[in-house]
Amino acid sequence: MIITIDGPAGAGKSTAARNLAARLGFDFLDTGAMYRAVAWAALERGIDLADESAVANVSRSVAITFERQQVFVDGVEVTEAIRSSEVTAASRPVAANTAVREILSELQRKLAVGRNVVTEGRDQGTAVFPDAEFKFFLTASQQARAERRQQDFAAHGQQLPLEQILKDQADRDHRDAARSVGPLKPADDAIHVDTSALDAEGVVDRLSQIVNSA
Ligand code: C5P
């Protein structure tokens, strides 16, 4: 069975997907980590991110693997490294690269074959797994999303003012929705869940309730 969880940054997708997978005994697929892994490898190799075919070649040649909670690129453990602000910025042009999206989407489908998977990203219910049994689209108010991201940054030792996070978030939402390839939008048959008033436990309760009562 495939369960997809899409939505904007700060809606609580990662935590929800990880927790839902654990609760159901499913595997968890973090597709954002795959775009980040390609960005990391491109930076390592000194590739110009504007060179679309060179970046596509990186995505074709790297081996991205997941083991327990860790991410590896060609056997190198990059779990923390792919969360740096440099890699976050570099993952944007990588995610806008059509060839990279095709290659990673194919890899995501391959990784899910014959398995029970909760997969998380932006395009999972729309482009990658349009036939998934459950497609969730998580949203939250601007304020709730910004506060969560502020806490995430703080957990990584970065103190940022809420106003700046709110502004970056609005810019990013606009870019994500306007992107010509893989834009962030809910599938027509997505189940929308607003997580503003829910904590992590509340979100996984809601999602698992929907899955179990179907
Ligand atoms: O979710 P995360 O922040 O790790 O995603 C990293 C980058 O990859 C972001 O720029 C996001 O828009 C992009 N992404 C994507 N499609 C996905 C998952 C992430 O374009 N399925």
Side-chain angles (χ1 to χ4, degrees), residues 2-18 20-21 28-43 49-50 52 55-56 58-59 62 64 66 69-71 73 78-112 117-130 132 135-140 145-146 148-153 155-156 158 160 165 168-187 190 195:
I2 309 279
I3 299 175
T4 62
I5 302 189
D6 293 304
K13 285 184 315 262
S14 301
T15 312
R18 217 175 273 282
L20 183 64
F28 164 58
L29 184 60
D30 177 355
T31 65
M34 298 168 81
Y35 287 93
R36 288 170 179 275
V38 171
W40 179 86
L43 290 175
L49 297 171
E52 296 205 355
V55 176
V58 173
S59 68
V62 289
I64 303 168
F66 296 91
Q69 308 273 0
Q70 296 182 312
V71 188
V73 173
V78 296
T79 320
E80 278 300 313
I82 60 169
R83 304 283 152 199
S84 72
S85 49
E86 200 190 359
V87 174
T88 300
S91 67
R92 255 175 238 144
V94 168
N97 184 312
T98 315
V100 171
R101 294 203 78 83
E102 278 169 15
I103 292 157
L104 292 188
S105 299
E106 203 46 51
L107 181 58
Q108 289 155 19
R109 291 189 196 104
K110 248 188 214 150
L111 286 171
V117 179
V118 178
T119 169
E120 180 242 314
R122 305 289 189 288
D123 58 349
Q124 299 297 288
T126 47
V128 184
F129 299 106
K135 302 178 194 177
F136 290 108
F137 194 83
L138 300 195
T139 52
R145 290 171 54 204
R148 283 186 192 136
R149 288 185 60 75
Q150 193 179 38
Q151 284 167 12
D152 283 349
F153 283 122
H156 289 95
Q158 267 182 293
L160 293 182
I165 298 177
D168 290 350
Q169 185 169 278
D171 290 348
R172 187 151 113 155
D173 283 355
H174 179 70
R175 262 199 318 266
D176 274 353
R179 183 164 72 196
S180 59
V181 286
L184 172 66
K185 64 169 169 48
T195 67

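First listed ligand is number 1; within each ligand, the first listed atom is number 1.
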message: So for Arg83, does at least one of its heavy atoms come nearer than 4.0 angstrom to any atom of ligand 1?
response: yes
task: Look at ligand 1 and say whether Lys13 reaches it with a heavy atom at a distance under 4.0 Å.
output: no
Is there a polar contact, in the sense of an N or O pair closer than 3.5 Å, between [X] and ligand 1?
{"X": "Arg172", "value": "no"}
{"X": "Asp30", "value": "no"}
{"X": "Glu120", "value": "no"}
{"X": "Arg36", "value": "yes"}

Please list the nearest protein heavy atom to [atom] with its residue and the distance rounded to 0.1 Å.
{"atom": "atom 7 (C) of ligand 1", "value": "Ser91 OG, 3.5 Å"}
{"atom": "atom 18 (C) of ligand 1", "value": "Thr31 OG1, 3.5 Å"}
{"atom": "atom 21 (N) of ligand 1", "value": "Asp123 OD1, 2.8 Å"}
{"atom": "atom 5 (O) of ligand 1", "value": "Gly32 CA, 3.6 Å"}
{"atom": "atom 8 (O) of ligand 1", "value": "Tyr35 CB, 3.5 Å"}

Verdict with reasoning, Arg149 to Asp168, per salt bridge (charged side-chain N to carboxylate O under 4.0 Å, His left out): CA-CA 11 Å; Arg149 288 185 60 75; Asp168 290 350; over 6 Å; no
Less than 3.5 Å apart, any donor N or O on the side chain of [X] or [Y] sitting next to an acceptor on the other?
{"X": "Arg83", "Y": "Thr88", "value": "no"}
{"X": "Gln108", "Y": "Thr31", "value": "no"}
{"X": "Thr195", "Y": "Arg148", "value": "yes"}

task: Give a yes or no on whether a salt bridge exists between Arg145 and Asp173, defined as a side-chain N under 4.0 angstrom from a carboxylate O.
output: yes
May I ask you to list the atoms of ligand 1 that are less than 4.0 angstrom from any heavy atom of [X]?
{"X": "Ala95", "result": "13 (C), 20 (O)"}
{"X": "Arg101", "result": "15 (C), 16 (N), 20 (O)"}
{"X": "Gln124", "result": "21 (N)"}
{"X": "Asp176", "result": "12 (O)"}

[X] side chain to [Y] backbone, donor-acceptor under 3.5 Å:
{"X": "Lys13", "Y": "Gly7", "answer": "yes"}
{"X": "Thr119", "Y": "Thr4", "answer": "no"}
{"X": "Arg109", "Y": "Val128", "answer": "yes"}

task: Check whether any side-chain heavy atom of Val100 lies under 4.5 Å from a side-chain heavy atom of Ile103, and answer yes or no.
output: no
- request: Please say whether more than 12 non-hydrogen atoms of neighbouring residues, nucleotides or ligands are located less than 6.0 Å from CD in Glu86.
  value: no
task: Have a look at Arg122, Arg175, Arg179 and point out the one with the heavy atom closest to atom 9 (C) of ligand 1.
output: Arg122
